[in-house]
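Okay, structure first, notes after.
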Amino acid sequence: MPEIARVGVCGCGLMGSGIAQVAATSGCDVVILEAVQSALDRGMAGIKKSLDRFVEKGSMHAADRDAVLGRIKTTTNLKDLAKSDLVIEAVVENMDVKKELFKELDLLLAPHAIICSNTSSLCVVEMAAATKRPKQVAGLHFFNPVPLMKLVEVVKTIVTDQTTIDSLFAFAKKLGKTAILAQDTPGFIVNRLLVPYLLYAIRVFEAGLASREDIDEGMKLGCGHPMGPLTLLDFVGLDTTYYIAEIMFDEFKDPMMAPPPLLKRMVLAGQHGRKSGKGFYDYGA
Ligand code: CAA
Ligand code: NAD
């Protein structure tokens, strides 16, 4: 089983930037691909800020932070990912965009390379089918914020081979994460449980049953959650949550998974949560 030393990351948003950071922190050379330079600049600023927090807390030396940053290269040209042993795709939650990327990566990468998606809810085997290496395609689902959350779901499709799964478990361990094995079903393990809960919190708010603050306080103080559901929705991104809900509802036809009307309207109004400055709460500029 060859070691994964060179990692490509597609997308430098909330998740791609975090994934690139933890991969570089573990010693991998990382190249991040973005559609636009401004997203790379924003993502790299987030990585620096996160590493600075570790340095300030004393859990990382300043020299190690600089070394981590030195291992990350950024690009808007897909060809710069050619030498990757593993590419982790973390672009928008849209099947057509992801399939196009998988197709191009398959033509570009060396035969041994593995391609993974960080998708929250989409069918991974559909992305695998866009390549000629479906046995080397899997889901690698990280959690937000990636530098802090310990879990990774390794998603095995009905055609992923065991060598690929073993490599991904070894890679997760190298990153200091705990990996769990999930099947290629919408939402895998965690989102299958989390997404209906988050959507229900919106319904409770939408129905006027409680204030946003009381809903959040209730779940924090009553159940010991680190964030209330509406704060967590703003943190995940309302746009991303809306796409996930649509995908899960489309697969299951379960009303629990259906995006509530308020969520759709907030997304249409550009209220995407913390990243846009407004969601259930205001975050200023
Ligand atoms: N990088 C480095 N350090 C960070 C950081 C980051 N990105 N974010 C926070 N920190 C540090 C802070 O500096 C702080 O350090 P000190 O304790 O030394 O002061 C510490 O982490 C705690 O941060 P805060 O005080 O700002 O806030 P907090 O105590 O609420 O912790 C949190 C933040 C860890 C995010 C916590 O609120 C939490 O666990 N929230 C729930 C997150 C969650 O549920 N994630 C899953 C989302 S679902 C998903 O990801 C799947 C999907 O497909 C949608
Ligand atoms: P985001 O909106 O923060 O970032 C997505 C980035 O992808 C944007 O910067 C965009 O410019 C870029 N992009 C779009 N098309 C691209 C392309 N063809 N090539 C390169 N870059 C491209 O989204 P996010 O929250 O980071 O989510 C990314 C993926 O991770 C989604 O599949 C999402 O479901 C999943 N995910 C999200 C979370 C979360 O909490 N937000 C958690 C786990 C998994």
Side-chain angles (χ1 to χ4, degrees), residues 8-22 25 32-44 46-60 65 74-78 81 87-105 116-122 124 127 139-153 155 182 186-195 197-198 216 219-220 224-229 231-248 272-276:
V9 177
C10 301
C12 194
L14 280 175
M15 296 306 290
S17 59
I19 294 166
Q21 179 182 328
V22 296
T25 302
I32 316 177
L33 170 80
E34 250 295 343
V36 285
Q37 183 62 41
S38 58
L40 285 173
D41 297 341
R42 204 169 42 243
M44 284 308 296
I47 292 174
K48 286 193 187 102
K49 191 172 160 196
S50 173
L51 292 171
D52 283 344
R53 283 163 109 165
F54 290 126
V55 173
E56 280 158 23
K57 276 195 277 185
S59 55
M60 181 182 268
R65 171 200 54 202
T74 60
T75 185
T76 53
N77 184 349
L78 184 86
L81 267 57
V87 173
I88 306 167
E89 166 281 308
V91 304
V92 64
E93 187 75 337
N94 176 293
M95 182 58 90
D96 290 341
V97 178
K98 289 184 191 286
K99 268 174 31 181
E100 184 56 37
L101 206 47
F102 271 64
K103 203 169 130 188
E104 289 178 27
L105 285 166
C116 286
S117 176
N118 183 55
T119 179
S120 303
S121 54
L122 286 164
V124 180
M127 296 172 220
L140 198 58
H141 186 219
F142 289 83
F143 290 80
N144 182 21
V146 182
L148 299 187
M149 304 312 274
K150 290 280 169 233
L151 187 72
V152 175
E153 288 178 308
V155 182
F188 316 124
I189 300 169
V190 174
N191 281 343
R192 182 86 175 253
L193 301 172
L194 180 67
V195 172
Y197 155 69
L198 294 177
D216 278 350
M219 294 311 291
K220 274 171 71 180
H225 290 196
M227 283 176 169
T231 303
L232 183 55
L233 280 155
D234 279 355
F235 190 63
V236 165
L238 300 188
D239 51 343
T240 301
T241 307
Y242 177 66
Y243 304 142
I244 295 170
E246 286 229 296
I247 293 157
M248 290 181 72
H272 293 178
R274 204 184 271 208
K275 65 183 166 187
S276 75

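Numbering of ligands and ligand atoms starts at 1, following listing order.
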Near ligand 1 (heavy atom, under 4.0 angstrom), the protein residues are S50, R53, F54, K57, S120, H141, F143, N144, P145, L148, M149, N191, L194, P226, M227, L232, V236
Ligand 2 atoms nearer than 4.0 angstrom to some heavy atom of T240 are 25 (O), 33 (C), 34 (O)
One finds that the ligand 2 atoms under 4.0 Å from a non-hydrogen atom of F142 are 43 (C)
The reported gap from CZ in F235 to CG in N144 (rounded to nearest 0.5 angstrom) is 4.0 Å
Under 4.0 Å, counting heavy atoms only: does C10 come that close to any atom of ligand 2? no
In ligand 2, the atoms that come under 4.0 Å of a heavy atom of K275 are 1 (P), 2 (O), 3 (O)
All heavy atoms of F188 vs all of A182, minimum pair found to be CB-CB, 3.9 Å
The protein heavy atom nearest to atom 8 (C) of ligand 2 is E34 OE2, 3.4 Å
Ranked by distance from atom 41 (N) of ligand 2, the top protein heavy atom is V236 O, 2.8 Å
The closest protein heavy-atom partner of atom 4 (O) of ligand 2 is G13 CA, 3.3 Å
Distance only, no hydrogens: is a donor on one side chain within 3.5 Å (strictly under) of an acceptor on the other, for E89 and S117? yes
Atom 32 (O) of ligand 2 sits nearest the protein heavy atom E93 OE1, 2.5 Å
On a heavy-atom basis, the closest approach of M95 and L122 is N-CD1, 3.7 Å
- Query: Is there a donor-acceptor pair under 3.5 Å between the side chain of S50 and the backbone N or O of G46?
  - Reply: no
A student comparing V190, V91, L233 should find that the heavy atom closest to atom 15 (N) of ligand 2 comes from V91
To the nearest 0.5 Å, atom OG1 of T231 lies from atom NE2 of H225 at 12.5 Å
So the atoms of ligand 2 within less than 4.0 Å of a heavy atom of H141 turn out to be 43 (C), 44 (C)
When distances are taken from atom 20 (C) of ligand 2, the protein heavy atom at minimum range is A35 N, 3.5 Å
* Please report the C-alpha distance between L81 and C10 in whole Å, then the side-chain angles of each, then the deciding distance to 0.1 Å, and finally whether the side chain to side chain contact (heavy atoms under 4.5 Å, CB included) criterion is met. => CA-CA 9 Å; L81 267 57; C10 301; 3.8 Å; yes
Do side-chain atoms of E93 reach the backbone of S121 as a donor and acceptor pair under 3.5 angstrom?
-> yes
For A39, the atoms of ligand 2 under 4.0 Å from one of its heavy atoms are 9 (O)
For C12, does its backbone N or O pair with a side-chain atom of E34 as donor and acceptor, under 3.5 Å? yes
Looking only at protein heavy atoms, what sits closest to atom 30 (O) of ligand 2 is N118 ND2, 3.0 Å
For P147 and V22, the nearest pair of non-hydrogen atoms, with its separation, is CA-CG1, 3.7 Å
Nearest heavy-atom contact between V190 and E153 is N-OE2, 2.9 Å
In short, N191 meets H141 closest at the heavy-atom pair ND2-CE1, 3.4 Å
The atoms of ligand 2 lying under 4.0 Å from a heavy atom of S120, numbered in the order shown, are 33 (C), 34 (O), 35 (C), 36 (N), 37 (C), 43 (C), 44 (C)
request  = With side chain to side chain contact (heavy atoms under 4.5 Å, CB included) as the test, would you mind laying out the steps for M15 and F142 before giving the verdict?
outcome  = CA-CA 8 Å; M15 296 306 290; F142 289 83; 3.9 Å; yes
Is K98 close enough to touch ligand 2? Criterion: a residue heavy atom under 4.0 Å from a ligand atom. yes
- Query: For atom NZ of K275, is the number of surrounding heavy atoms from other residues, nucleotides or ligands below 6.0 Å larger than 12?
  - Reply: yes
Residue, atom and distance of the protein heavy atom nearest atom 18 (N) of ligand 2 read V97 CG1, 3.9 Å
Within 4.0 Å of some non-hydrogen atom of T119, the atoms of ligand 2 are 32 (O)
For G228 and D216 the tightest heavy-atom approach is C-OD1, 3.0 Å
Are any of the heavy atoms in R42 under 4.0 Å away from ligand 2?
no
Using modelled atom types and a 3.5 Å cut-off, is there a donor and acceptor pairing between side-chain atoms of S59 and backbone atoms of F54?
yes
L14 N/O under 3.5 Å from ligand 2 N/O
yes
Exercise. Should M15 be counted as touching ligand 2, given the test is an N or O pair under 3.5 Å?
Worked result: yes
Say whether A90 and ligand 2 are in contact under the criterion: heavy-atom distance to a ligand atom below 4.0 Å.
yes
Fill in: Derivation of the side chain to side chain contact (heavy atoms under 4.5 Å, CB included) call for L14 and V236
CA-CA 8 Å; L14 280 175; V236 165; over 6 Å; no
**Asked** Quick one: does E100 get within less than 4.0 Å of ligand 2, heavy atoms only?
**Response** no
Short version for N144: what comes under 4.0 Å of ligand 2, heavy atoms counted, is side chain
